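Let me begin by presenting the structure, written as structure tokens, before commenting on it.
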Amino acid sequence: MPEFADTARNEKLKQRLRFYEDLGLAPFYRDRVATSSGTVRAESLTSVSVPASPIVEESTLPKPARKPPAAAPDLRSGKPFVQRTSSGPSLFEATSNLAAETLAQIREDLGECTRCKLHRTRNTIVFGDGNPKAQLVFVGEGPGADEDAQGLPFVGRAGKLLTQMIEAMGLKRSDVYICNVVKCRPPGNRQPEPDEVAACSPFLFRQLDSIKPKVIVCLGATAFQTLLGTSRSISHYRGQWIDYRGYQMLPTYHPAYLLRNPAAKADVWKDLQKVMAELGLEVKKKAK
Ligand code: SF4
């Protein structure tokens, strides 16, 4: 069996694959064993013994030992989350090429989900809305009462403010994609609990990998902390670009926070101007 000359890179790649499996991304695992012409093959990704056949059946592979997910990035270091190797693409870029799910496939996989206790009190699953090929994705926390009733994200008061912000950027809602960390409304609009985030966030990661946006804007602490796997306060990072697995990610305040603290709108507008510049949109002096 051929081996990578760079064993350290091989080990990192294996950790990344285990991380995906721990997230429940079985299709990812199947892809890498079943793709005969793909850039990455099972035998080159793992140290398990496999037959010499060009197509390896999943059932013939020993099941990898479960390990804890990869450690969260050390934000204090100031280093980007994606560590590039000395040559070639980042490890994430190499693996993400294998994922080619559509949003419809991910929604179908979610089904009438009962993976966490939020299913008991929801009326509607709020999967996401917008352009499946958007360059800009907004990620919020979870649906509220209006969203739960309509099945669409950000349609209540906070949603109207987000729509105004998008239009102030010179875009339409249909130009961007909007989704949340959890797809079902937490009772009383409380924050999602860790087990709920753990159950639902793999679907968010898959949505992002399907859309492959140029920019991800995290609306509020829950989105920021979930994507980066950190418990750090968003206030230290608001308005700063973070290299999130090869995507440009920028955390800012949630529109619901702006409804309670209108003075913070100016900060958010500054953040959105950075996004506009990154996307090549005309930067205006003031929001309407
Ligand atoms: S919040 Fe997510 S994981 Fe929980 S029941 Fe709803 S769709 Fe499923």
Side-chain angles (χ1 to χ4, degrees), residues 18-30 66 68-70 72 99 101-132 134 137-159 162 176-213 216-231 234 244-245 247 249 251 254-257:
R18 290 191 193 108
F19 173 67
Y20 270 86
E21 287 159 9
D22 287 330
L23 293 179
L25 302 189
F28 178 84
Y29 184 77
R30 283 198 296 273
R66 288 272 166 180
E101 291 183 298
T102 65
L103 290 174
Q105 287 170 327
I106 299 165
R107 178 65 187 89
E108 188 181 349
D109 189 22
L110 185 67
E112 283 304 303
C113 184
T114 57
R115 291 172 179 83
C116 83
K117 57 186 177 296
L118 291 181
H119 82 275
R120 296 188 201 123
T121 48
R122 72 163 183 244
N123 285 308
T124 319
I125 291 177
V126 182
F127 181 69
D129 186 41
N131 182 351
V137 172
F138 289 93
V139 181
E141 179 177 284
D146 294 305
E147 291 78 14
D148 181 55
Q150 297 184 41
L152 292 168
F154 282 93
V155 290
R157 279 183 67 220
L162 176 62
V176 306
Y177 193 82
I178 305 171
C179 54
N180 286 303
V181 170
V182 293
K183 315 299 186 202
C184 302
R185 182 193 180 200
N189 292 345
R190 65 159 169 77
Q191 272 197 319
E193 294 173 354
D195 61 313
E196 297 158 357
V197 171
C200 208
S201 57
F203 292 93
L204 168 64
F205 302 150
R206 289 165 66 180
Q207 284 173 293
L208 296 175
D209 287 346
S210 173
I211 298 167
K212 293 184 169 47
I216 299 168
V217 173
C218 290
L219 298 170
T222 299
F224 164 73
Q225 292 170 346
T226 299
L227 289 184
L228 286 186
T230 180
S231 58
I234 189 176
Y244 167 70
R245 302 187 344 188
Y247 302 118
M249 193 259 265
H254 194 286
Y257 175 81

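Note that these values count all heavy atoms, side chains included, but never hydrogens, waters or copies made by symmetry. Remember, it's 1-based here, ligands and their atoms both numbered in the order they're listed. Counting begins at 1 with the first residue of the sequence. Keep in mind that this is a model prediction, so the values were computed, not measured.
With a 4.5 Å cut-off on side-chain heavy atoms, D195 and K117 count as touching. Counting only heavy atoms from C-beta outward, the side chains of E141 and P192 approach each other to under 4.5 Å. Considering only heavy atoms from C-beta on, R206 comes within 4.5 Å of D109 through its side chain.
Distances from ligand 1 to the non-hydrogen atoms of R122 include at least one value under 4.0 Å.
Under 2.8 Å from atom 8 (Fe) of ligand 1, one finds the following protein N/O/S atoms: C113 SG.
For F154 and H254, the distance between ring centers is under 6.0 angstrom.
Between the S210 side chain and the E101 main chain, a donor and an acceptor come within less than 3.5 Å of each other.
Ion pairing of R122 with E112 is present here, as a side-chain N (NZ or NE/NH1/NH2) and a carboxylate O approach within less than 4.0 Å.
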